[in-house]
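Residue indices begin at 1 and follow the sequence shown. Since this is a predicted model, take the numbers as computed values, not measurements.
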Amino acid sequence: PNSKAVWLHTDDLSSDDEDEEGTQNRIGRVPLHWYDDYDHLGYNSHGTKVSKPSDTTDLLDAAISQEDGKGSGKPLTVYDALNGIHVPVDPRQLELIRRIQGGAYAHPEHDANPDLIDYFSGVNPEISGIHSNRYEPKARFQPSKYERLLVKKYLHRLNCGSVNMDFLTGKVRDMNDVIGKHGNPKKEERLSDAPRMIWAAEDEDELFLRKNRPMHIAAPKPPPPGHAESYNPSEEYLPDGEELEEWKGLENSKDRPHGLLVPKKFSSLRAVGAYEFSVRERFERCLDLYLCPRLMKRRLNIDPESLVPSLPKASDLRPFPTAQCIQYDTPYDKSSPDSKPPMIRCISASPDGQFFASGASDGYVRVWEVATGRLLKSWNIAELVGTDAVNDAASAGDANMEETKKDEECSKKKTIPPVVSMQWNPNPTHHVLLAACGNCAVLIATGTGNADDSLVTEALLSPSTMSPKQTNPKAAKAVSWHSVAIPKETPLSAYALQTGPVSVLRTPHEMTQVTFHRRGDYFSTLTPKGGAASVLIHQLSKGQSQQPFGKASKGGNVQVVKFHPNKPFLFVANLTAVRVYNLMKQNMVKRLVSGCKWISTMDVHPSGDHVIVGSLDRRMVWFDLDLSSTPYKTLKYHERAIRNAQFHPRYPLMSSCSDDGTIHIFHSTVYTDLMRNPFIVPVKVLRNGHDIVNKSTINGAGGLGVLSCEFHPTQPWLFSVGADGKIILYQDI
């Protein structure tokens, strides 16, 4: 065996170091037939080509030459196609290959069945004599306790009749066979004699079983130990000499502050000894449990306050606007004693929160600075809509549009159309303002951007300044784009390239709302009397419009339109319901039933999963789009019609304003966990800021109060505008 073992480790079967010089082919698993048309087989580790062999001997010639070389002592070779060389193989290597193919051990020297060597270690008790003089245990001479219990068990079963002697002697293997054939007379007699209840109800059976035995009542738990029971109590719990004398004078131990216990202080827990009154206290407790009768009484102990949901304090939910901070005065003609400030219909803040714009009933759009209250710019949109846009439309040659505009021009000579809706572009790089006045939507370059934003804004507005023709035939009948001659004005920013009205979009009917998409390129206009063309979507970068609906909406005229912040959805609200449309698939996704009589406002949460709807019948409805198509909550806090409701873009806040002259602020937290409902808490009511205008003197009905409110985009502040011409900023003070 030792001579054979020498050969066990002589065969180096490892292929890790077989190519130390790196001259072999390193193409990996690339097929060799890819190199048939080349003069080489691949590349080595140095990047040098591996040449093909010069001899082109086929397999048949190679086999004949191998047979001829057996007798001449010429070594056997195997052709390596990967490297193009002949590798010599000795007889031992052939033997290893043959054994591996046969499933045997590779080395012939390996002994698979060696002889057993009887290794032994330890002590044999028979040889050593350990425990040889030990007596047998007494338990071996006594009857088995287990057998005794088994015999007792079978005797009890014999008396009950569940088994018989045939089962015990082994004649019957299963007692079910005996009971199935002959029955169990003892059991039948016992069941026939037992009383039965006529009405077999579970409660009555339970009462029947309990009437002969007392109900188990758990003992009351002892009170938990306090600070006085500590081994290292505070100084306030340690009694002085006078207190100890006073305690000793008390006959009843229950009159003492801590019973029989006298608080003491120890240096460590190991120094604490046994409690001297432990047996006495345990005895007194057992005596109390024995002598004191206990009765189970089932009472409905319901606290009325527990039925009301516990709401946190408003101070814990700050920040939110609490007090009036700044009032912005709108300029107007004060020469006449009957003159009044114009009614502010709408307001919108810039994305950076530095400026805001207001739209009034006198047709003016004014841009203000938030921090200083300074009026920066004013544009007369009503005059622009009545002159420039009409002239441009007349040159377009549309007869129907021309007649409509002439009629409206005559009416404008009598009344000035107010600015009813407005929104600042939500994209921070697009300094564009969109305002609705009469039957027109006006695009205004605010001129408030830096050098880079001014270039982006000019590129965005350049298609609309060229009076683009509409490629959509439906949209061409419903709207027309007209450029406006930009007057030379000094912009607010030194980098601004243009400022003032840039383009006008004109529709045949009066426009009530304009709204931007979150990205700032698309915006929509709403004309409730436009029928199928009441809702139009426009692209600012191309100067094109499209009509998403082919027929008029059901359920009355469209009141409000909003874009989804993340998905290609459009929310369209009529008088009583809100429909959600997918603009990509061109179908209706969901219909939200509000239960309101006349919807006046709507807003979508920044997450896109929640919608609030305000109505003229004093209701504000919250919808959870993931929950149901019915309202999650209906809030009735206002006394008159709700004019506007809005979410804060950053903070968990929500506001609503009404004709009663108040603004309600709500804390509204929306969770990403679908198992948790939104958390809505009213935190503040802002009063005495706006006056009610045109209020009836007879019964106090009617009148207009707060017409719109807008959250500051970055701070927990709120802008409010009203029919009294005031613009107020509320801050968290």
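Applying the ring-ring contact (aromatic ring centres under 6.0 Å, His included) rule to pairs touching residues 280-305 yields nothing, sequence neighbours excluded. Identified under the salt bridge (charged side-chain N to carboxylate O under 4.0 Å, His left out) test for residues 142-163, with sequence neighbours left out: none. Among pairs with a residue in residues 224-244, those fulfilling ring-ring contact (aromatic ring centres under 6.0 Å, His included) read His227-Tyr237, at least two apart in sequence or across chains.
For the residue pair Asn566 and Ser607, the shortest heavy atom distance occurs at ND2-O, 3.4 Å. Shown here for Leu261 and Pro263, the closest heavy-atom pair between the two residues is O-CD, 3.8 Å.
Taking Glu95 as the reference, Arg98 meet the salt bridge (charged side-chain N to carboxylate O under 4.0 Å, His left out) condition, with sequence neighbours excluded. Residues meeting the side-chain hydrogen bond (donor to acceptor under 3.5 Å, both in side chains) test with Asp166, sequence neighbours left out: none. For Ser655, there are no side-chain hydrogen bond (donor to acceptor under 3.5 Å, both in side chains) partners at least two apart in sequence or on another chain. Judged as a ring pair (Phe, Tyr, Trp, His ring centres under 6.0 Å), and not counting sequence neighbours, the contacts of His648 are Tyr651, Phe711. Applying the side-chain hydrogen bond (donor to acceptor under 3.5 Å, both in side chains) criterion to His610, with sequence neighbours excluded, gives Trp622. Among residues two or more places apart in sequence or in another chain, the side-chain hydrogen bond (donor to acceptor under 3.5 Å, both in side chains) test is passed with Arg256 by none.
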Test log, rule side chain to side chain contact (heavy atoms under 4.5 Å, CB included), inputs Leu575 and Gln559: CA-CA 7 Å; Leu575 293 177; Gln559 303 297 318; 3.3 Å; yes
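At least one donor-acceptor pair under 3.5 Å links the side chain of Asp617 to the backbone N or O of Lys597. Judged by distance alone, the side chain of Glu245 and the main-chain N or O of Glu242 form no donor-acceptor pair under 3.5 Å. Under a 3.5 Å cut-off, the side chain of Arg619 and the backbone N or O of Gly595 do form a donor-acceptor pair. Between the His107 side chain and the Glu109 main chain, no donor and acceptor come within less than 3.5 Å of each other. Formation of a donor-acceptor pair under 3.5 Å by the Ser628 side chain with backbone atoms of Thr630 is found in this model. With hydrogens and angles ignored, the 3.5 Å screen pairs a side-chain donor or acceptor of Tyr632 with a backbone N or O of Pro678.
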Going by atom type alone, with no hydrogens or angles, which donor-acceptor pairs under 3.5 Å involve a side-chain atom of residues 264-274 and a protein atom two or more places apart or on another chain?
unit_1 : atom_1 : unit_2 : atom_2 : d
Lys265 : NZ     : Glu235 : OE2    : 3.1

Output side-chain donor-acceptor pairs under 3.5 Å for residues 665-676, partner residues at least two apart or in another chain, one line each.
unit_1 : atom_1 : unit_2 : atom_2 : d
His667 : NE2    : Thr669 : OG1    : 2.6
Asp673 : OD1    : Met675 : N      : 3.2

Distance-only donor-acceptor pairs under 3.5 Å for side chains of residues 586-593, two or more places apart:
unit_1 : atom_1 : unit_2 : atom_2 : d
Lys590 : NZ     : Leu625 : O      : 2.4

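Ion pairing between Arg280 and Glu284 holds under the 4.0 Å rule for side-chain N and carboxylate O.
In this pair, His258 and Trp247 present their aromatic rings perpendicular. The plane angle is above 60°, beyond the 30 to 60° band.
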